[in-house]
J.: 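This structure is in structure tokens; I'll ask about it shortly.
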Amino acid sequence: MIIGPKKQAPKIKFGPKKPPFTIKGLKRIKDVPPIRQGTHIPVNTRDDLKEIVEEPCLKACQYLFDKNVETTESGCNGENCSDRAYIKIKYDTLDERNKQIADIMIANKIAQFIPKSDECIRHYFNELRIEVPTSPEETVASVEKKLSKITKFFVHQRKIIKQIDPQEILRMHQRYQERQRYK
């Protein structure tokens, strides 16, 4: 039997000790910063919504985008909208099936119908406002779930585009000026 030099086992180096996994704290509404982008930003893809929709409303707005349901505004953040989360839908661009769904929501007080106004260009179209109560301590995931539960009722529709008529804007402005003159 021939005995040679003793072979050494390779040394294994370990990095610093880390826990097996880390649980991040749940994000709360009070921690959501407001998005100050206006609605003038064009939305061509669902990813574009990330630039103008606050996190608690994002999944529901993306779902509506996928169904061709046009939203006009949404909000839920820790600075100026921590007691509610809302999404506004352009009612005039809903097809008949989705208008029926919206009307049921209105009847059940899940949503509110906001009629168009001839005093403000911002309210040129009829709108549907979906709103859920929140609190600053509520989690973003909880609010996402509430809004998604409501918006899941809408069904896919073909895209309906309603444009603002420039002549109607002029008439709105004239009516408003007339009312202001007699106040």
Side-chain angles (χ1 to χ4, degrees), residues 24-117 120-136 138-165 168:
K24 284 187 173 181
L26 298 173
K27 192 170 188 179
R28 308 233 178 257
I29 297 303
K30 68 181 182 180
D31 302 322
V32 175
I35 294 179
R36 302 197 191 285
Q37 302 287 349
T39 55
H40 62 280
I41 295 174
V43 177
N44 298 314
T45 68
R46 72 190 322 262
D47 285 338
D48 292 343
L49 292 170
K50 292 177 185 175
E51 301 298 320
I52 59 171
V53 177
E54 292 161 349
E55 190 177 357
C57 303
L58 183 59
K59 284 185 181 176
C61 287
Q62 286 176 329
Y63 176 81
L64 292 169
F65 180 87
D66 293 342
K67 299 296 179 187
N68 290 325
V69 173
E70 188 176 347
T71 58
T72 59
E73 189 179 333
S74 65
C76 183
N77 64 68
E79 187 176 303
N80 57 16
C81 193
S82 61
D83 62 339
R84 68 195 177 289
Y86 71 92
I87 297 173
K88 286 185 180 178
I89 294 170
K90 198 183 283 186
Y91 184 88
D92 296 338
T93 63
L94 295 175
D95 69 4
E96 288 308 311
R97 290 177 304 162
N98 281 325
K99 279 185 179 177
Q100 289 173 350
I101 292 166
D103 293 343
I104 291 168
M105 289 179 174
I106 294 164
N108 290 321
K109 301 194 184 320
I110 295 169
Q112 176 188 8
F113 180 77
I114 302 170
K116 66 181 176 178
S117 166
C120 178
I121 190 66
R122 189 172 181 189
H123 301 290
Y124 182 77
F125 295 102
N126 293 314
E127 293 181 310
L128 180 73
R129 181 182 173 104
I130 297 170
E131 185 173 302
V132 295
T134 64
S135 76
E138 191 169 0
T139 64
V140 168
S142 171
V143 176
E144 282 177 343
K145 189 174 181 179
K146 286 181 193 179
L147 287 172
S148 293
K149 190 175 181 179
I150 295 169
T151 57
K152 291 287 183 190
F153 288 109
F154 289 99
V155 296
H156 190 273
Q157 65 178 32
R158 69 177 177 77
K159 192 165 188 125
I160 299 172
I161 298 172
K162 296 273 184 170
Q163 297 291 332
I164 296 175
D165 176 18
E168 183 59 28

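All heavy atoms count here, side chains included; hydrogens, waters and symmetry mates do not.
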J.: Quick one, Val53 and Ile35 - any side-chain contact, counting heavy atoms below 4.5 Å?
T.: no

J.: Does His156 reach the side chain of Asn68, with side-chain heavy atoms less than 4.5 Å apart?
T.: yes

J.: Under the side-chain contact (heavy atoms from CB on, under 4.5 Å) test against Val140, which residue among Glu55, Glu54, Lys145 passes?
T.: Glu55

J.: Identify whether NZ of Lys or CZ of Arg in Arg129 sits under 6.0 Å from the centre of the six-membered ring of Tyr86 and within 45° of that ring's axis.
T.: yes

J.: Can you list the residues that meet the side chain to side chain contact (heavy atoms under 4.5 Å, CB included) rule with Ser135, with sequence neighbours excluded?
T.: Glu137, Glu138

J.: When rounded to the nearest 0.5 angstrom, what is the spacing between CD1 in Ile114 and CD1 in Ile106?
T.: 9.5 Å

J.: With heavy-atom distances below 4.5 Å as the criterion, would you say the side chains of Lys50 and Asp47 are in contact?
T.: yes

J.: Check each of Glu127, Lys88, Lys90 against Thr72 using the side-chain hydrogen bond (donor to acceptor under 3.5 Å, both in side chains) test, and report the only one that passes.
T.: Glu127

J.: Using the test ring pair (Phe, Tyr, Trp, His ring centres under 6.0 Å), find all partners of Tyr63 that sit at least two apart in sequence or belong to another chain.
T.: none

J.: Under a 4.0 Å threshold between the charged nitrogen and the carboxylate oxygen, would Asp95 count as salt-bridged to Arg158?
T.: no

J.: Could you go through residues 147-154 and list every donor-acceptor pair under 3.5 Å that involves a side-chain atom there, pairing it with any protein atom two or more places apart or in another chain?
T.:
unit_1, atom_1, unit_2, atom_2, d
Ser148, OG, Glu144, O, 2.9
Thr151, OG1, Leu147, O, 3.1
Thr151, OG1, Ser148, O, 3.4

J.: So, the side chain of Asn98 versus the backbone of Leu94: is there a donor-acceptor pair under 3.5 Å, distance only?
T.: no

J.: Could you tell me if the side chain of Asn126 sits less than 4.5 Å from the side chain of Phe113, heavy atoms only?
T.: yes

J.: For a side-chain contact (heavy atoms from CB on, under 4.5 Å) check, start with the C-alpha distance between Ile104 and Ile101, then their side-chain angles and the critical distance, and finish with the verdict.
T.: CA-CA 5 Å; Ile104 291 168; Ile101 292 166; 5.6 Å; no

